[in-house]
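Whatever order the structure lists ligands and atoms in, that order sets their numbers, starting from 1.
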Amino acid sequence: MSDKDLKTIWLVIPCYNEEEVLSETSKQLQGIMEGLAGKGKISKESRVAFVNDGSKDTTWEIIAGLHRENPLFVGINLAHNRGHQNALFAGLMTAKEYADAVISLDADLQDDVGAIEEFVDKFLEGKDIVYGVRSTRATDTRFKRGTAHAFYKLMNMMGADTLEDHADYRLMSQRALEALSEYGEVNLFLRGIVPSIGYETDVVYYQRHERFAGESKYPLKKMLAFAVEGITSFSIKPIRLITSLGVFLFSISVLLLIYFLVVWMFGYTVAGWTTIVISVWGIGGLQLLALGVIGEYIGKTYLEVKHRPRYQIESILYRKTEKEEE
Ligand code: UDP
Ligand code: MG
């Protein structure tokens, strides 16, 4: 096969304060990409693109250095820290202009890079979207495992269709990315959007490793925010639940009213001071909860209506290899 027929694959890696991991990550990815090119599976135009999500450390300097040494590495510098999902999206949208397919993965190599070849194979078989699904969670802390499972359960209960144990390690073909670019929402939750694109999909199983250096950029607070984001940007079930709850409570109060009227007619006095106090607190709490949920949606609508850009690219480091220029 001549190089012209080979598919161009880009890897997209969002990076936020990842100076500790980049040299090792880039070394391993370079090995994988050279191996795949050697086997004649991917073209020489294939690239490894690091998206710098407004890091406060030397991440961008390292990426620029990698690019200077080897055009295999592409740098995309965002003007601000916009969060993992937006950084990933910026990378995907940049990569789709060059690549036939793009694989997204984390900078800390928790996603087993050994599986990349399998992704490519599935793409060459004609799949448009390939999901990386972790086969075990043995390396996670028990807390992370528990919260992650609760997260998927809750998400599916609330009507956001997500694939269990699939994070953002996935391959998307160029046309799947074109489809993705049509989704205009500012509140991005890629795991929920991608399954709704609808092209042919497949799954690659892999072992997730521990982060080999640095610390998680997803503390519990961000994880919770991510879960709320996922649910509220995908379904209006929480609002419906509250409506049903409201109807239920109202019916109970009507029944109670009838009951007390009957009791009153028969001349008994009502002695339940505690019940009244308890119901005042109960109803008050429920009302606040309901307002909170509705407020969440109104806030979301407000953000969407403003239609602000999801990210701002400060600069892109991309150049052709000597071989491509010939
Ligand atoms: N990340 C990012 N922007 C952020 C937070 C994280 O681009 O605001 C990147 C981070 O550099 C990493 C990936 O998202 O490549 C996943 O983050 P991390 O490994 O810290 O999350 P965890 O694996 O602990 O869930
Ligand atoms: Mg990680």
Peer 1: Test your reading of the model: is there a side-chain donor-acceptor pair from Asn156 to the backbone of Thr162, 3.5 Å cut-off?
Peer 2: yes
Peer 1: Is there a donor-acceptor contact under 3.5 Å linking the side chains of Ser173 and Asp128?
Peer 2: yes
Peer 1: Do we get Arg47 above Tyr98's six-membered ring, with its NZ or CZ under 6.0 Å from the centre and within 45° of the axis?
Peer 2: no
Peer 1: For atom 1 (N) of ligand 1, what's the nearest protein heavy atom and its distance?
Peer 2: Tyr16 CB, 3.7 Å
Peer 1: Quick check on contacts: which atoms of ligand 1 are under 4.0 angstrom from a heavy atom of Gln110?
Peer 2: 19 (O), 22 (P), 23 (O)
Peer 1: Taking N or O atoms only and a 3.5 Å limit, does Glu215 qualify as a polar contact for ligand 1?
Peer 2: no
Peer 1: Side-chain donor-acceptor pair under 3.5 Å between Thr8 and Ser46, yes or no?
Peer 2: no
Peer 1: For ligand 1, is any non-hydrogen atom under 4.0 Å from Asn81's backbone (N, CA, C, O), its side chain (CB onward), both, or neither?
Peer 2: side chain
Peer 1: Could you give the distance from OG1 (Thr232) to OH (Tyr297), rounded to the nearest 0.5 Å?
Peer 2: 5.5 Å
Peer 1: Main chain of Arg82, side chain of Asp53: is a donor-acceptor contact present, judged purely on distance under 3.5 Å?
Peer 2: yes
Peer 1: Mark yes or no: Arg134 above the aromatic ring of Tyr206, with NZ or CZ under 6.0 Å from the six-membered ring centre and no more than 45 degrees from the axis.
Peer 2: no
Peer 1: Looking at Glu118, Glu34, Glu117, Glu125, which hits salt bridge (Lys or Arg N to Asp or Glu O under 4.0 Å) with Lys41?
Peer 2: Glu117
Peer 1: Between Arg211 and Gln110, do the side chains contain a donor N or O and an acceptor N or O under 3.5 Å apart?
Peer 2: no
Peer 1: Give the atom numbers and elements of ligand 1 that come within less than 4.0 Å of a heavy atom of Arg208.
Peer 2: 23 (O)
Peer 1: Could you tell me whether Asp106 approaches ligand 1 through its side chain, its backbone, both or neither, with non-hydrogen atoms closer than 4.0 Å?
Peer 2: both
Peer 1: Check Lys300 with Glu185, please: is the shortest side-chain N to carboxylate O separation under 4.0 Å?
Peer 2: no
Peer 1: Identify each donor-acceptor pair in which a side-chain atom of residues 250-262 lies under 3.5 Å from a protein atom, sequence neighbours left out, and give them as a table.
Peer 2:
| residue | atom | partner | partner atom | Å |
| --- | --- | --- | --- | --- |
| Ser251 | OG | Val247 | O | 2.6 |
| Ser253 | OG | Phe250 | O | 2.7 |

Peer 1: Quick one, Tyr131 with Tyr169, criterion ring-ring contact (aromatic ring centres under 6.0 Å, His included). Give me CA distance, side-chain angles, the key distance, then yes/no.
Peer 2: CA-CA 7 Å; Tyr131 299 107; Tyr169 191 18; over 10 Å; no
Peer 1: For Lys222 and ligand 1, answer yes if some heavy atom of the residue is under 4.0 Å from a ligand atom, otherwise no.
Peer 2: yes
Peer 1: What residue and heavy atom of the protein are closest to atom 20 (O) of ligand 1, and at what distance?
Peer 2: Lys217 N, 2.4 Å
Peer 1: How far is atom 14 (O) of ligand 1 from its nearest protein heavy atom, and which residue and atom name does that atom have?
Peer 2: His84 CD2, 3.1 Å
Peer 1: Does Glu210 come within less than 4.0 angstrom of ligand 1, counting non-hydrogen atoms of the residue?
Peer 2: no
Peer 1: Of the protein's non-hydrogen atoms, which lies at the shortest distance from atom 17 (O) of ligand 1, and what is that distance?
Peer 2: Tyr218 CD1, 3.9 Å
Peer 1: Who's the nearest protein heavy-atom neighbour of atom 19 (O) of ligand 1, and how far?
Peer 2: Asp108 OD2, 2.6 Å
Peer 1: Output the list of atoms in ligand 1 that are nearer than 4.0 Å to some heavy atom of Ser216, sorted by atom number.
Peer 2: 20 (O), 21 (O), 22 (P), 24 (O)
Peer 1: Applying a 4.0 Å heavy-atom criterion (strictly less than), which segment of Arg211 is in contact with ligand 1: side chain, backbone, both, or neither?
Peer 2: side chain
Peer 1: What protein heavy atom sits nearest atom 25 (O) of ligand 1, and how far off is it?
Peer 2: Lys144 NZ, 3.2 Å
Peer 1: Give me the residue, atom name and distance of the protein heavy atom closest to atom 11 (O) of ligand 1.
Peer 2: Glu18 OE2, 2.6 Å
Peer 1: Closest non-hydrogen protein atom to atom 3 (N) of ligand 1, residue and atom name please, with distance?
Peer 2: Asp53 OD2, 2.6 Å
Peer 1: With no hydrogens and no angle check, do the side chains of Tyr16 and Lys56 hold a donor and an acceptor under 3.5 Å apart?
Peer 2: yes
Peer 1: Do you see a donor-acceptor pair shorter than 3.5 Å between the side chains of His149 and Arg145?
Peer 2: no
Peer 1: Considering distance alone, does some N or O of Pro14 sit under 3.5 Å from an N or O of ligand 1?
Peer 2: yes
Peer 1: Could you please give the number of protein N/O/S atoms within less than 2.8 Å of the Mg ion (ligand 2)?
Peer 2: 2
Peer 1: Between Arg191 and Asp168, is there a side-chain N and carboxylate O pair less than 4.0 Å apart?
Peer 2: yes
Peer 1: Under 4.0 Å from a heavy atom of Ala107: which atoms of ligand 1 are those, numbered in the order shown and with their elements?
Peer 2: 15 (O)
